[in-house]
Protein chains: 2
Amino acid sequence: MIVRKGHLAEMAEGAESAELDFLFSEGRERHFVQGEHLITEGERTDYFYDVLDGTVALARNGRDGRRQILSFLGARQFLGASSTERYPNLATALTPVTAICYPRAALERVLETTPSFGSKFRVVLTRILESSHDHVYTIGQRSAVERVASFLLYLRSNQARFDPVGPRDKSTHIELPMTRLDIADFLGLTIETVSRAFSSLKRSEVITFKDSHSCEIINLEKIRELGGREDFTEHRGRA
Amino acid sequence: MIVRKGHLAEMAEGAESAELDFLFSEGRERHFVQGEHLITEGERTDYFYDVLDGTVALARNGRDGRRQILSFLGARQFLGASSTERYPNLATALTPVTAICYPRAALERVLETTPSFGSKFRVVLTRILESSHDHVYTIGQRSAVERVASFLLYLRSNQARFDPVGPRDKSTHIELPMTRLDIADFLGLTIETVSRAFSSLKRSEVITFKDSHSCEIINLEKIRELGGREDFTEHRGRA
DNA sequence: CGTTACATTGATTAATGTCAAGTGGTGTGG
DNA sequence: CCACACCACTTGACATTAATCAATGTAACG
């Protein structure tokens with residue numbers, strides 16, 4: 001039984017169908033400890049997750065030990081969309097995670113029978129694609145310091161999704177629930193380079209750290225100039 | 001009036017609705033000369049393209065002149081999916097291009113009313129996302145030579161989409177309709193590095209060039225080892 | 001405390017970028 | 001038909017960035 005309402009349920013508001021009722025009756029709240037995998041590589045794509053709490057890293061691993069983190073997922077984000085029988089990526093809980101787990105088949109049935117819901121879902125998919133395109137631009141074109149600045153804006157817009165009072169332009173506090181290695185693997189850098197980039201931003205008084213996993217943006221303009229990401233203050237809107 | 005049937009029409013086979021009929025009655029075959037833009041940055045997202053012939057580069061430009069090519073689109077590929085009012089990317093014809101142009105509104109109406117079509121469309125979107133994830137892995141983790149090898153496999157699987165006799169594992173000929181700068185901007189490298197990577201692959205007798213825009217793979221195993229992409233011989237399937 | 005894991009900093013190396021020169025094909029005009 | 005100019009591409013020399021290797025620092029935990 002679902003205790004809390006997830007983003008998927010929110011998206012379904014207004015629509016009604018037997019398939020929707022079935023989908024939500026099948027949703028189960030699941031808890032994952034830090035380090036646990038929500039989805040493993042090569043696993044059948046039988047489940048779909050709606051994250052309620054915590055942070056998940058979605059990663060693709062190379063045979064030779066290389067790892068690329070594709071996204072960090074937090075509250076109000078989805079996990080498990082796939083066009084193939086088996087999932088090529090690995091989803092790991094970076095913190096304790098709560099998510100609603102739906103059977104994919106039930107979701108597919110809703111998408112096939114409830115067009116208004118299908119449309120909203122397609123918009124979400126498109127946003128995920130646009131976010132991936134941002135990521136490609138960042139690692140293809142930006143320097144190490146720029147990538148880190150861009151990453152801070154990425155996290156900032158991610159955490160704004162779930163801010164109870166809505167996105168606020170002035171928020172300057174950023175939580176970094178992941179390790180430096182996770183950040184490095186997201187940005188296509190090494191831990192040392194990430195660390196040096198943070199130090200460089202500290203030295204030029206653009207950010208400060210309370211501890212190594214939470215920082216404060218002192219000069220948001222400078223971060224924007226470096227990271228160049230359109231965040232929620234722009235026309236982009238929330239997912 | 002549509003002369004040739006595009007991929008979108010192929011996807012609609014089996015389904016029938018007034019909205020579909022309207023969509024296809026509104027489709028117009030358009031021709032673009034080399035260098036012409038199908039979509040410009042900031043343009044309203046009013047049209048959706050189904051490429052019949054030629055190659056299109058989809059790119060995101062930075063303010064400072066940096067450019068990241070997000071994908072090369074050929075026959076049977078779509079262009080124009082967006083979650084926002086204005087399109088953030090630039091689509092340029094690299095060769096003479098023929099595409100069917102549909103009004104987005106008509107497409108949206110079909111997607112909202114013809115669920116079986118909507119589902120197929122969602123699968124296509126998901127594949128595009130997976131391809132973008134491949135791209136992120138490539139530029140985040142691979143070296144210059146590996147990126148170029150991966151790029152050859154990317155082109156190979158793209159051209160296989162439209163091979164009249166279907167994908168063939170043995171095909172070794174690769175057409176490179178784009179310039180070295182386009183390749184560099186796709187892979188997050190410079191033209192010089194791309195050129196050196198090609199030379200290095202020539203020297204080790206992995207590929208040969210007929211001319212600078214078409215090459216032959218001599219040692220496909222080596223290219224796969226370097227580029228590590230699952231292409232159409234794997235479980236990935238065609239879009 | 002001592003151990004462990006993660007983060008930072010420093011010194012050096014390797015890879016890619018930058019700048020510059022040279023090559024080769026293509027098209028144009030004398 | 002040839003000379004020239006113009007591109008795009010290639011190659012070489014050098015500069016810069018980030019990776020690698022190696023300490024050192026720091027916070028959490030037994």
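Chain naming here is simple, since letters A, B, ... match the order of the sequence lines and numbering starts at 1 in each.
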In whole angstrom, give the distance that lies between atom [atom1] of [X] and atom [atom2] of [N].
X	N	atom1	atom2	result
B:Leu187	C:dG17	CG	C1'	15 Å
B:Ile183	D:dA8	CD1	C1'	12 Å
A:Asp185	C:dC6	CG	P	13 Å
B:Arg180	D:dC9	CZ	C1'	7 Å
B:Leu94	D:dA8	CG	P	13 Å
A:Gln141	C:dT16	CD	C1'	14 Å
B:Leu181	D:dC9	CG	C1'	12 Å
A:Asp182	C:dA7	CG	C1'	13 Å

Next item on the list: Would you mind telling me which of D:dA18, C:dT8, C:dT16 lies closest to the side-chain atoms of A:Leu189?
Entry: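 Closest nucleotide to the A:Leu189 side chain: D:dA18.
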Between [Y] and [X], is the closest basic N to carboxylate O distance under 4.0 Å?
X	Y	answer
B:Glu225	B:Lys222	yes
B:Glu146	A:Arg66	yes
A:Asp182	A:Arg67	yes
B:Arg4	B:Asp53	yes
A:Glu10	A:Arg76	yes

Check: When the ring planes of B:Phe198 and B:Phe209 are compared, do they come out parallel, tilted or perpendicular, using 30° and 60° as the limits?
Finding: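 Ring orientation, 0 to 90° scale: perpendicular.
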Item checked: Members of residues 190-216 of chain A that approach DNA chain D, where some heavy atom sits under 4.0 Å away ->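 The stretch gives A:Thr190, A:Glu192, A:Thr193, A:Arg196 as the residues lying under 4.0 Å from the strand, ordered by number.
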